[in-house]
Amino acid sequence: MNKTIREIADDLNISKQRVYRYIERNNIKEVTTDKNAKYYDDAAQKIIIDHFGDSSDNGSNSDAAQEANQLKEDIIKRQDNEIHRLAKQVESLQSIIDMQAKQFDQQQQLELESIRTFKDNKLISSDTSKDAKNDATSVSSDAAAKDNKASKGGIFRRFWHSDK
């Protein structure tokens, strides 16, 4: 029984374009032509079916293709999940780094403040001791000056100053 390209393609569950290309490449001649429809005999159909027979099991090939696509989708999904997990991990580590940088900055500020306070306290205590030393020195130098005046003039010098 003679069939058209469309009928052969429908039987094989493939596109008529694939059947047409195969027929053109292999120079398979039609038996009859009726209003732009080419009919192929049983021998031509057998050649076409034999060629597409292995691939005409579209059910099994499509199952394999679907399985391959499902596997690809699973891999992509796992990779997306891994990317998402790693992005969260990066965010977490970045927040830890930011927190540690802030703590380090605060530690430096506290250390500088304690150094300033220590220097201020040291200056205050050294100023106090300098004042005490200056007071003691000025008192002792006043007494020494009086002794010097008294000893330089001798006995008469004392009387001389007492008159004035």
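Throughout, numbering of the chain's residues begins at 1 and tracks the sequence.
- For the side chain to side chain contact (heavy atoms under 4.5 Å, CB included) with F52, the qualifying choice from N13, I47, D11, I14 is I14, the only one to do so.
- Using a cut-off of 4.0 Å between Lys/Arg side-chain N and Asp/Glu carboxylate O, K46 and D50 are scored as salt-bridged.
- Of all the heavy atoms in S92 and S95, the pair that sits closest is O-OG, 2.7 Å.
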Item to check | Worked verdict on Y39 versus D34 for side-chain contact (heavy atoms from CB on, under 4.5 Å) | outcome: CA-CA 8 Å; Y39 290 93; D34 182 33; 3.7 Å; yes
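- Between Y40 and E30, the closest side-chain pair of non-hydrogen atoms falls below 4.5 Å.
- L71 shares a hydrophobic cluster with I75; the chain of contacts runs through ILVMFWY side chains whose heavy atoms sit under 4.5 Å apart.
- Distance CE/M99 to NZ/K102: 10.0 Å, rounded to 0.5 Å.
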Checklist entry - Can you check salt bridge (charged side-chain N to carboxylate O under 4.0 Å, His left out) on E82 and R85, steps first, answer last? => result CA-CA 5 Å; E82 183 70 14; R85 186 185 64 79; 2.5 Å; yes
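- The two residues I8 and K3 make their nearest non-hydrogen contact at CG1-CB, 4.0 Å.
- In this structure, K38 has no side chain to side chain donor-acceptor pair (under 3.5 Å) partners at least two apart in sequence or on a different chain.
- Between H51 and Y22, the ring-plane angle classifies as parallel under the 30° and 60° cut-offs.
- For the atom pair NZ (K122) and CD1 (I115), the distance works out to 12.5 Å, reported to the nearest 0.5 Å.
- To the nearest 0.5 Å, the span separating CG on L112 from CD on Q107 amounts to 10.5 Å.
- The backbone N or O of M1 sits nowhere less than 3.5 Å from a side-chain atom of D41 that would complete a donor-acceptor pair.
- Taking N36 as the reference, nothing meets the side chain to side chain donor-acceptor pair (under 3.5 Å) condition, with sequence neighbours excluded.
- Between T4 and E7, the shortest heavy-atom distance links the atoms N-OE1, 2.9 Å.
- Counting only N and O atoms by type, the side chains of D74 and Q70 include a donor and acceptor under 3.5 Å apart.
- Here the CZ atom belonging to R21 is positioned 7.0 Å from the OG atom belonging to S15, to the nearest 0.5 angstrom.
- Cluster annotation: L12 and I28 are assigned to the same hydrophobic cluster (Ile/Leu/Val/Met/Phe/Trp/Tyr, side-chain heavy-atom contacts under 4.5 Å, transitive).
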Next on the checklist: If you apply the rule side chain to side chain donor-acceptor pair (under 3.5 Å), what do you find for N69 with E73, and how did you get there?
Outcome noted: CA-CA 6 Å; N69 285 338; E73 288 175 10; over 6 Å; no
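- Salt-bridge check for K88 with E91: failed, with every basic side-chain N at 4.0 Å or more from each acidic carboxylate O.
- Linking Ile, Leu, Val, Met, Phe, Trp and Tyr whenever their side-chain heavy atoms come within less than 4.5 Å leaves I23 and V31 in two separate clusters.
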